[in-house]
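Before any comments, here is the structure.
First the proteins, then the strands, lettered A, B, ... as listed; each starts at 1.
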Number of protein chains: 2
Amino acid sequence: MTEETEAPVVGLLSCVVDEPESQTRAFEQQRRQRDSMMAQDYCELIADLIDAQGEARAVDISRRLGVAHATVVNTIGRLQRDGYVLQQPYRSIFLTEAGRALALECRRRHQIVLRFLEALGIDPETARADAEGMEHHVSEPTLAAFERFIAERKDSP
Amino acid sequence: MTEETEAPVVGLLSCVVDEPESQTRAFEQQRRQRDSMMAQDYCELIADLIDAQGEARAVDISRRLGVAHATVVNTIGRLQRDGYVLQQPYRSIFLTEAGRALALECRRRHQIVLRFLEALGIDPETARADAEGMEHHVSEPTLAAFERFIAERKDSP
DNA sequence: CCTTGAATATAGCATATGCTATGTTTTCCT
DNA sequence: AGGAAAACATAGCATATGCTATATTCAAGG
């Protein structure tokens with residue numbers, strides 16, 4: 001059970017053995033992305049709320065994200081520590097320059113992914129849900145390819 | 001600051017105000033996915049290692065994921081508790097039926113996403129990295145659309 | 001056989017993300 | 001103005017995911 005005497009399954013073996021460092025890098029990148037997802041989602045949402053209502057309040061965020069307000073307060077504190085937002089107690093939440101930049105960047109990615117999925121023929125509800133998760137994992141080259149596809153599809157529908 | 005007297009930016013406003021419950025659902029789904037990503041990655045990797053080397057050892061997993069072995073041991077314990085793997089102390093790691101099923105499912109998704117990105121013209125290294133993150137967020141309808149695209153692209157290159 | 005290096009396990013720690021329960025502060029209506 | 005409701009803050013807890021440092025077990029070579 002511990003020693004394979006049989007010939008290795010070459011097809012799968014190559015899939016696994018050929019590029020282990022590449023896979024390790026991919027996993028590390030995935031972990032890094034995961035760690036910044038919260039900041040991205042929050043900043044994007046705060047920017048949306050400010051655009052839509054003129055201000056962002058913790059209660060709106062908690063409703064939108066579906067989490068308890070205590071969780072939001074907690075997270076906002078971390079975002080403040082990390083320089084993304086500014087907040088006085090009992091006041092509404094403001095983005096710093098860094099936060100605003102992050103929000104714009106996220107919104108851009110989000111829009112591209114969303115329009116790409118729709119251009120692929122995905123129904124809007126599904127596209128919306130998938131975009132929410134995917135946007136954090138799509139690299140620039142892939143985003144560029146998505147944009148190319150959107151443009152093509154617009155020309156020849 | 002609190003009341004927008006200007007004409008609303010309809011594109012963004014509608015994006016935010018039209019479907020708040022839909023967005024909440026999307027975020028909740030994202031959280032659920034995040035919570036099962038670890039199990040998926042581990043099961044997929046364990047299956048790969050078993051196919052390639054006949055057995056999966058913690059040291060291989062830690063190297064592949066780029067984390068400390070103590071972290072792997074920790075996580076494997078959780079996976080065992082949740083019914084995905086079986087392990088005796090100091091022995092190699094085995095997948096349960098549930099673990100094997102999860103691994104197969106993940107591998108399937110992974111392959112579809114990877115081949116889709118490649119069909120889109122993404123370079124293999126980028127495709128690999130992006131697929132690693134994206135595979136956890138792509139719904140069945142979107143996967144189906146990806147497969148359709150791969151088939152189309154194969155017919156008319 | 002016995003030692004030694006690799007693999008594993010364990011303990012103890014830190015942080016992020018979530019929760020509930022309980023107080024405080026604002027805000028808004030009468 | 002004053003009180004009720006809403007928003008917010010804080011405390012205390014749980015879990016997942018990571019780490020380092022230390023001990024233990026296994027397997028292989030002398």
Taking for each residue the nucleotide of DNA chain D bearing the nearest heavy atom, is the 5' side occupied by B:T71 or by A:A56? A:A56
Minimum-distance nucleotide (side-chain atoms of [X] versus [options]):
X	options	answer
A:R34	D:dG18, C:dA7, D:dT20	D:dG18
B:A68	D:dC19, C:dT8, D:dC8	D:dC19
A:Y90	D:dA9, C:dT8, D:dG18	D:dA9
B:R57	D:dG18, C:dA16, C:dA7	C:dA7
A:P89	D:dA11, C:dG18, D:dA9	D:dA9
A:A70	C:dA9, C:dC19, D:dG18	C:dC19
B:R91	D:dA7, D:dA9, D:dA27	D:dA27

Quick one: is B:R81 getting a side-chain N or O under 4.0 Å of the D:dA16 phosphate, OP1 or OP2? yes
Look at A:R31 and C:dA16 and indicate whether a side-chain polar atom (N or O) is within less than 4.0 Å of OP1 or OP2. no
Residues A:N74 and A:T71: side-chain donor-acceptor under 3.5 angstrom: no
Check: A:R128/B:S22 side-chain N/O donor and acceptor closer than 3.5 Å: yes
Expressed as a whole number of angstroms, how long is the span from [X]:[atom1] to [N]:[atom2]?
X	N	atom1	atom2	answer
B:H69	D:dG18	NE2	P	15 Å
A:N74	D:dT10	CG	P	11 Å
A:D35	D:dG18	CG	C1'	9 Å
B:Q30	C:dG18	CD	C1'	15 Å
A:Q88	C:dT26	CD	P	12 Å
A:R32	C:dA16	CZ	P	17 Å
A:E55	D:dA6	CD	P	17 Å
A:R64	D:dA7	CZ	P	14 Å

A:F94 and A:Y84: aromatic ring centres closer than 6.0 Å? no
Might you work through the salt bridge (charged side-chain N to carboxylate O under 4.0 Å, His left out) test for A:R108 and A:E105, ending with a clear yes or no? CA-CA 5 Å; A:R108 176 184 146 260; A:E105 169 60 17; 3.2 Å; yes
Along DNA chain C (nearest heavy atom to each residue), the more 5'-positioned of B:Q87 and A:D82: B:Q87
Taking any heavy-atom pair under 4.0 Å as a contact, classify B:V73: base, sugar-phosphate, or nothing. base
Please identify which of these residues, A:E132, A:E140, A:E44, A:E135, meets the salt bridge (charged side-chain N to carboxylate O under 4.0 Å, His left out) condition with A:R109. A:E140
